[in-house]
Amino acid sequence: MLILIALVGVVSFSWYHSLNTHVIPLILGVIAAALSETDDTVMGRVKSTFITLACFAIASFSIELLFSTPILFALGLCSSTFGFIMLGAISTRYASIAFGSLLLAIYTMLGAEQSVNLWQQPALLLSGASWYFLLSIIWSALWPMQPVQQSLANVFFHLANYLDSRSQLFHPVSGLDPQPYRIQQAALNAATVTALNQCKAILLSRSKRGHFDSGSDKFLNIYFLAQDIHERVSSSHYRYQELCKQFERSDVLFRFKYLLETQANACRAVAKSIQLSKEYSHTGQSVLALDELVSSLNALKERTSETSRSLLNQLSYLFNNLATVEKQLNSITTPHSNQFESTELNDTEVHTVREKWQRVASQFNKESLLFRHAVRMSTALTIGYSLIQFTNMNQGYWILMTTLFVCQPNYSATRSKLVARVVGTILGLLVGVPLLVLFPSQESQLLLIVVSGVAFFMLRLANYGYATGFITILVLFCFHQYGEGYAVVLPRLADTLIGCALAVLSVSFILPDWQSKRLHKVMAEATQANREYLAQVIGQYRIGKKDSLAYRIARRNAHNHDANLNNAISAMLSEPGRYRTAVDESFRFLTLSHALLSYISALGAHRKRVNEAKTHQLILETHRIINHHLEGLTKQLNKSVDGSSANIDIDIKTRLEEWREDDDTSIKMVLEQLYLIYRMLPEFHALAEKLTIQAKN
């Protein structure tokens with residue numbers, strides 16, 4: 001709606017005053033502003049607006065000043081591109097401002113040859129940007145919590161998808177292989193973690209360095225509920241293949257599957273209620289599913305043999321976990337009924353000039369992905385500009401714009417953008433040219449400019465290919481206001497292809513970042529994060545359950561690194577074949593790592609104080625050994641030690657196997673989860689050794 005009002009405003013102004021030549025820079029200014037905008041409070045937006053407009057002015061006037069001196073222009077383009085991208089180290093806000101500034105600089109290049117003086121084009125571009133920012137500030141003042149609601153709703157939509165995926169493991173088929181399900185769940189978990197992080201960032205923008213006033217309390221508490229639900233949903237209480245084998249002739253697993261599906265539907269209903277600012281009403285469907293599941297479990301207990309009782313206990317733990325999820329979903333309308341020990345969020349933003357400089361300075365090394373991207377992008381844009389100068393290309397500056405959009409921090413993302421950009425451009429031209437014929441009047445073309453611009457912003461995140469098609473149509477109609485609509489068709493296509501080629505060559509040959517070369521480090525970081533999360537969980541079996549800030553940070557880091565591992569392996573599969581190594585071993589490591597996180601999450605979901613000294617000592621001894629192995633595994637993956645630390649303590653294994661009939665139900669669950677983790681360690685070490693050997697080769 002905001003972009004619609006902004007575009008209608010500038011188009012109506014240009015049409016009413018017959019300023020046909022002004023419509024392009026005004027629209028481009030609106031687009032640059034919208035792409036550089038990040039969520040914030042009203043005062044935060046005002047501050048960001050001044051910073052952004054200052055950067056826009058520097059970028060636009062620099063182009064106008066240096067345009068007639070190619071050597072100085074090339075030097076300025078290279079240095080400013082590098083500097084703007086490195087500013088992204090400060091925060092996502094500065095990264096967005098940097099991207100918008102580079103985009104506005106290229107927009108200035110597109111019209112620099114027709115520029116009548118130094119001031120006109122920058123003034124029009126900045127006017128369009130200022131108009132959008134003014135509307136954005138007013139919009140934020142009228143609906144300050146709308147971004148929070150949208151991001152929180154997005155979290156519950158992703159939780160619903162994750163629950164649906166988890167339910168697939170409870171289909172009791174013979175010879176179940178959980179690995180494909182684990183890989184799919186790792187991807188969905190990564191999407192859920194991204195949604196949670198985005199929601200946290202939006203909540204943080206409304207806080208005072210992580211602390212909140214009463215205005216955001218309701219949504220903050222729902223966010224904490226979503227975090228807790230995520231921990232419970234991501235937990236695993238036993239090996240699914242063994243559960244399927246034992247209960248393949250019973251209806252109990254189907255009932256678990258149905259319960260998870262109804263809770264997924266409940267999460268979608270919660271998301272829609274938050275989105276529409278309506279009160280959520282919890283239906284009785286999942287409550288009925290819980291009641292039926294209780295009856296099924298009781299019937300099983302009456303006829304289950306002693307040898308199967310341990311597995312039945314695991315189902316009871318799972319039932320208790322899902323019953324708590326049900327209770328939490330039911331309390332969404334009264335989030336304050338859930339008591340959280342700490343309502344502080346971890347504020348990772350920097351606030352002083354010194355801190356900002358230190359964060360940027362820390363990125364000046366070849367290991368930094370941001371530094372590599374900055375070198376890559378500045379080199380690619382400078383080469384593109386040199387190509388334009390040597391060939392005297394007509395409208396050649398679209399090469400730079402294409403390179404800016406397509407060139408991403410890694411090969412996989414660049415390849416994805418490239419395909420979408422080329423296909424979208426071709427579709428846009430094929431549709432746009434007939435539309436120029438069908439809608440010859442100025443009024444109809446201005447209307448299509450608005451529609452295309454709105455469609456671009458609606459689709460740019462969901463489907464970049466279609467979004468590119470709509471922005472191509474917008475460009476055709478904009479240039480048709482100059483009488484050049486048909487003249488830009490072939491240059492637009494040719495420049496897109498050249499810009500895409502530059503982007504791919506840059507990520508392939510300028511400080512390339514092949515995932516296989518750094519995969520062992522990502523695995524080591526995921527293992528270390530799981531180790532720290534487990535340490536926080538075990539500590540709470542001594543002091544009792546506390547959702548402290550330290551605990552939530554460790555939990556979030558573990559899930560973040562699990563998501564990073566999934567993304568790194570997925571990215572590796574998109575890279576050229578000669579750069580892919582140990583694909584099967586990588587997927588197996590991802591499966592085990594995600595299973596490890598799930599077992600730790602189960603311990604976290606059920607955490608409570610253990611009072612019995614002997615049992616607590618066994619828990620601590622087991623954790624000490626597991627912690628030792630995870631630490632050794634981290635070093636092994638970092639290539640600092642060999643796999644000799646893989647020896648398993650036989651005494652602890654024997655003692656863990658003796659708990660089954662001697663301890664109460666809650667203690668059995670803790671020891672069972674530790675035993676499941678313990679059983680994974682030899683395979684972890686074996687995989688790490690294979691991966692490090694292949695990485696050396």
Side-chain angles (χ1 to χ4, degrees), residues 1-35 37 103-104 106-108 110-116 120-136 138-139 394-395 397-398 401 424-460 463 465-493 496:
M1 182 60 73
L2 182 59
I3 191 68
L4 173 63
I5 296 171
L7 290 175
V8 167
V10 296
V11 167
S12 301
F13 175 82
S14 301
W15 173 78
Y16 183 78
H17 293 284
S18 300
L19 299 172
N20 296 350
T21 57
H22 290 182
V23 71
I24 293 180
L26 286 172
I27 287 176
L28 295 180
V30 168
I31 292 173
L35 290 175
E37 182 188 38
L103 182 61
L104 195 90
I106 295 172
Y107 284 161
T108 307
L110 290 173
E113 290 180 350
Q114 291 82 30
S115 184
V116 294
Q120 183 178 344
Q121 189 174 216
L124 289 170
L125 288 166
L126 291 172
S127 296
S130 300
W131 165 243
Y132 178 85
F133 284 133
L134 175 63
L135 290 175
S136 178
I138 295 171
W139 190 278
N394 184 32
Q395 299 295 346
Y397 294 101
W398 278 332
M401 186 164 59
T425 300
I426 293 172
L427 287 175
L429 293 173
L430 290 175
V431 173
V433 172
L435 288 177
L436 287 174
V437 178
L438 292 172
F439 298 95
S441 69
Q442 184 188 19
E443 290 78 10
S444 62
Q445 291 184 8
L446 291 175
L447 177 62
L448 285 171
I449 285 173
V450 172
V451 171
S452 300
V454 172
F456 167 75
F457 280 95
M458 288 177 63
L459 295 170
R460 68 188 181 93
N463 192 313
Y466 284 130
T468 301
F470 280 109
I471 202 67
T472 300
I473 294 172
L474 182 145
V475 167
L476 286 179
F477 280 105
C478 280
F479 275 86
H480 199 64
Q481 305 308 301
Y482 287 129
E484 299 180 359
Y486 298 106
V488 301
V489 173
L490 291 179
R492 172 79 177 182
L493 180 59
T496 296

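Values in this document were obtained by computation on a predicted structure and should not be read as measured data.
Thr108 approaches Gln121 most closely through the heavy-atom pair O-NE2, 3.1 Å. Here the closest non-hydrogen pair linking Gly128 and Val30 is O-CG2, 3.3 Å. In terms of heavy atoms, Ser14 sits closest to Leu26 at OG-CD1, 3.6 Å. The shortest non-hydrogen separation linking Val433 to Leu476 is N-CD1, 4.1 Å. Here the closest non-hydrogen pair linking Ala34 and Ile3 is CB-CD1, 4.0 Å.
Contact check for Thr496 versus Trp398: no side-chain heavy atoms found under the 4.5 Å cut-off. Using a 4.5 Å heavy-atom threshold, the side chains of Tyr107 and Met401 count as touching.
At most 12 non-hydrogen atoms from other residues, nucleotides or ligands lie less than 6.0 angstrom from CZ of Phe470. More than 12 heavy atoms of other residues, nucleotides or ligands shown are found within 6.0 angstrom of CD1 on Ile138.
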For side-chain contact (heavy atoms from CB on, under 4.5 Å), just list the numbers for Met1 and Trp139, CA-CA rounded to whole Å, side-chain angles, deciding distance to a tenth of an Å, and then say yes or no.
-> CA-CA 10 Å; Met1 182 60 73; Trp139 190 278; 3.3 Å; yes
Before giving the answer on side-chain contact (heavy atoms from CB on, under 4.5 Å), spell out for Phe13 and Val23 the whole-Å C-alpha distance, their side-chain angles and the decisive distance to 0.1 Å.
-> CA-CA 9 Å; Phe13 175 82; Val23 71; over 6 Å; no
Tell me, with the steps shown, if Ile473 and Phe477 meet side-chain contact (heavy atoms from CB on, under 4.5 Å).
-> CA-CA 6 Å; Ile473 294 172; Phe477 280 105; 3.6 Å; yes
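Here the straight-line distance linking atom CG of Leu459 with atom OG1 of Thr468 works out to 10.0 Å at 0.5 Å rounding. In this structure, SG in Cys478 is found 4.0 Å from CD1 in Ile27, a value given to the nearest 0.5 Å. Here CG of Leu28 is found 11.5 Å from CD1 of Ile106. Values are rounded to the nearest 0.5 Å. Rounding to the nearest 0.5 Å places CD1 of Ile31 at 11.0 Å from CG of Leu104. With rounding to the nearest 0.5 angstrom, the CG atom of Leu110 is 9.0 Å from the CD1 atom of Ile24. Between the CG atom of Leu134 and the OG atom of Ser127 there is a distance of 12.0 Å, given to the nearest 0.5 Å.
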Return a table of donor-acceptor pairs under 3.5 angstrom between the side chains of residues 445-457 and protein atoms on other chains or two or more places apart.
from	atom 1	to	atom 2	distance (Å)
Gln445	OE1	Gln481	NE2	3.1
Gln445	NE2	Phe439	O	2.9
Gln445	NE2	Pro440	O	3.4
Ser452	OG	Leu448	O	2.8

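The side chain to side chain contact (heavy atoms under 4.5 Å, CB included) search around Ser136 returns Leu2, Glu37, Arg45, Tyr132, not counting sequence neighbours.
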